[in-house]
Amino acid sequence: MWFRNVLRLHDNPLLNKTCSSEKIESLVPLYIMEDEWFNLDSITISANRKKFLYESLLNFNKNFRIKYGVDILIFHGNSSKIINSITENLDNEFKWLLCDYCPEPDKRHTINKIKENLVNLEINLKVIPAVNTILDVEKVIQSNNFSNPKSSKDIEKIFAEKYEHSPHGYIIGDSLLPPSNLNIDKKKMEVLIHESTISEFYISEDILKNKLMELESKSKITDSYFVGGEDEALERFERKISQSPNFVNSFSKPSTISTNKDDNPLEPTTTGLSPYLSNGCISARMLWNECLKINFNSTHTLPPESLHGQLMFREMFYLLSRSVVNWDNDIENSNCKPIQWGEYDELKIKAWESGLTGFPYIDAMMRQLDATGWMHHLGRHAVSCFFTRGQLWQNWKYGRNVFEKKLIDSDWALNNGNWLWLAGVAPFSMPYYRIYNPCPDSKSSLNVETTNANFIRHWIPELSHFPSKYIFEPHLAPSTIQHDSKCVIGKDYPFPIVDRKQTRKRNLSLFKESNKQLSN
DNA sequence: GGATCCGTTGTAGCT
DNA sequence: AAGCTACAACGGATC
């Protein structure tokens with residue numbers, strides 16, 4: 001039983017499948033951590049992301065032990081090599097490999113490779129669908145009348161075909177309770193831990209705990225706010241969903257504000273469940289069902305703005321990520337219109353990534369991303385628009401890479417989908433001329449008020465004494481105010497790296513020009 | 001087959 | 001301060 005991206009006991013179809021299958025007499029629970037994740041020095045994954053996964057894995061292991069009396073077998077290394085070694089070391093004594101379906105190309109590639117090897121050994125591979133999604137991705141995209149969804153209406157049609165509709169939302173079926181016991185083969189686990197050719201790749205709970213401590217001391221993750229794991233996920237679920245019917249029933253994205261009114265600038269105004277969803281700590285199906293239950297008792301918002309709407313967009317991107325070839329690329333991608341982006345500009349990209357563009361709203365968001373691994377939905381829109389068609393005119397792929405590395409809710413399907421959308425290259429509704437103002441004033445939908453000013457003061461300490469009136473464009477403040485605020489622009493905080501109005505105008509016409517050439 | 005509608009999130013400038 | 005208007009004008013679905 002190989003857990004790939006499912007680190008929870010609740011609504012985990014793997015556990016129930018295993019339990020209900022009569023063919024399986026005993027099992028060995030397994031997790032494999034790729035070395036990219038295990039190596040603390042790897043630079044493609046941020047310390048925050050690693051921390052979140054380690055915590056999630058430790059918590060899952062603990063819950064598994066409490067429930068079933070044994071730790072999960074954890075190895076690090078290449079998945080297919082580890083699986084091969086296990087078959088060899090157990091003398092082909094196991095007959096089934098069960099795992100959760102993962103739609104990412106590299107993971108599908110891995111599973112195909114493993115399948116080839118298993119077939120020769122007469123071992124069955126069972127990939128359980130829809131573990132971290134509501135829809136069975138493969139089944140939906142292979143159905144006869146499937147075409148790529150492009151809007152909330154399109155994805156709603158897909159739901160409508162499959163599920164019964166109630167006035168309060170689609171009925172997708174109950175989520176699962178974990179089985180009360182599992183017949184685990186401890187002897188085989190002992191063999192793999194102590195007497196196998198992969199013993200050296202075994203990660204005990206103590207090793208993982210030390211690894212987490214080392215990570216925390218090495219990279220001073222002082223601002224990390226989200227703690228990984230099913231326990232935290234369920235606590236947050238309880239607090240923000242189950243016990244907050246008004247929040248659920250009135251939830252209306254995009255009209256959530258990017259900064260919090262209460263004292264904690266780190267607590268999101270949205271659910272904050274995204275990292276738990278993408279790491280498999282909470283079930284999307286359970287979240288859907290809880291919202292449905294709450295919606296039944298009251299009037300409520302509807303898709304696409306409601307929480308059900310958010311979950312539907314998530315499903316839409318999962319489908320597209322599987323059906324659109326080269327989903328993560330800017331060429332040979334049917335969902336990416338070719339735009340002549342500017343030359344790779346290292347200075348601008350570095351300034352953007354490190355929060356030194358001279359645009360406080362953008363910089364605050366990017367510093368929050370770096371420090372915590374999380375950013376509000378609207379902030380993600382603002383900084384990605386700024387990076388691409390708004391101001392910097394850089395290829396969305398470079399921005400995407402930064403998000404992928406740093407976001408604790410990093411998710412291949414969703415991250416690429418949102419960048420395609422915001423860059424204006426996807427065939428979704430996104431008039432390219434709607435460019436977010438990187439210096440949002442009180443008229444902007446990015447909604448400023450004093451909360452955003454406080455948000456900026458929190459993440460950009462250089463500006464902590466700056467008056468709200470000038471804080472979004474501090475270089476426009478009279479020099480007396482700059483001196484009084486102990487922040488002289490050009491010395492203590494950078495001048496804007498671009499003229500926002502001039503770049504906006506130029507980029508609009510460049511985009512228009514690209515469109516013209518494409519339609520010819 | 002041409003017109004119209006619609007799409008989860010706009011900005012700037014003036015009164 | 002709030003409200004109005006000009007700007008720019010995609011592209012598929014539906015009528």
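Quick note on labels: first sequence line is chain A, next is B, and so on, each numbered from 1.
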Are A:N437 and B:dG10 close enough that a side-chain N or O sits under 4.0 Å from OP1 or OP2? no
Rounded distance (Å) that lies between atom P of B:dC6 and atom NZ of A:K153: 8 Å
Can you tell me, in whole Å, how much space there is between the P of C:dA8 and that of B:dC14? 16 Å
Provide, to the nearest angstrom, the distance between the CZ atom belonging to A:R434 and the P atom belonging to B:dA12. 15 Å
Can you list the residues that meet the salt bridge (Lys or Arg N to Asp or Glu O under 4.0 Å) rule with A:R400, with sequence neighbours excluded? none
Roughly how far apart, to the nearest Å, are B:dG1 and C:dC15 at atom C1'? 11 Å
Spacing of A:L302 atom CG relative to B:dT8 atom P, expressed in whole Å: 14 Å
Given the P atoms of B:dT8 and C:dT14, what is the spacing between them in whole Å? 13 Å
Looking only at side-chain N and O atoms, does A:R500 come under 4.0 Å of OP1 or OP2 in B:dA12? yes
According to salt bridge (Lys or Arg N to Asp or Glu O under 4.0 Å), who are the partners of A:D100, at least two apart in sequence or on a separate chain? none
Under the salt bridge (Lys or Arg N to Asp or Glu O under 4.0 Å) rule, what pairs show up with a residue in residues 333-349 of chain A, not counting sequence neighbours? A:D345-A:K348, A:E346-A:K350
May I have the distance from A:Y436 (atom OH) to B:dG10 (atom P), rounded to whole angstrom? 6 Å
Could you tell me the separation between the CG atom of A:N507 and the P atom of B:dG10, rounded to a whole number of Å? 19 Å
Restricting to ring-ring contact (aromatic ring centres under 6.0 Å, His included), what partner residues turn up for A:F403, sequence neighbours left out? A:W419
What's the closest nucleotide to the side chain of A:S151 if the choices are B:dT9, B:dG7, B:dG13? B:dG7
Using a 6.0 Å cut-off, check whether atom NE2 of A:H483 has over 12 heavy atoms from anything other than its own residue. no
Rounded to the nearest angstrom, tell me the gap between atom NZ in A:K505 and atom C1' in B:dT11. 14 Å
Could you tell me the separation between the CG atom of A:L422 and the C1' atom of B:dG7, rounded to a whole number of Å? 15 Å
With A:H168, which of A:K293, A:H308, A:H300 fulfils side chain to side chain donor-acceptor pair (under 3.5 Å)? A:H300
Find the distance A:L378:CG to B:dT8:P and express it as a whole number of Å. 16 Å
Counting side-chain heavy atoms from CB outward, which of B:dT9, B:dA12, B:dT8 is closest to A:S152? B:dT8
Residues which pass salt bridge (Lys or Arg N to Asp or Glu O under 4.0 Å) with A:R380, listed by chain and number, not counting sequence neighbours: A:D409
Please tabulate, one pair per line, each protein N/O and nucleotide N/O from nucleotides 10-14 of chain C that are separated by under 3.5 Å, including the distance.
unit_1 : atom_1 : unit_2 : atom_2 : d
C:dG11 : OP1    : A:K337 : NZ     : 3.3

Once ring pair (Phe, Tyr, Trp, His ring centres under 6.0 Å) is applied, what residue pairs with a partner in residues 494-515 of chain A remain, sequence neighbours excluded? A:Y432-A:F511
If you draw a 6.0 Å radius around NE2 in A:H165, do more than 12 non-hydrogen atoms from other residues or ligands fall strictly inside? yes
Output field dot_bracket for DNA chain C (Watson-Crick or G-U, both distances under 3.5 Å, | for other-strand pairs) contains .||||||..||||||
My understanding is that only residues two or more places apart in sequence, or in another chain, count here; which of them pass salt bridge (Lys or Arg N to Asp or Glu O under 4.0 Å) with A:D11? none
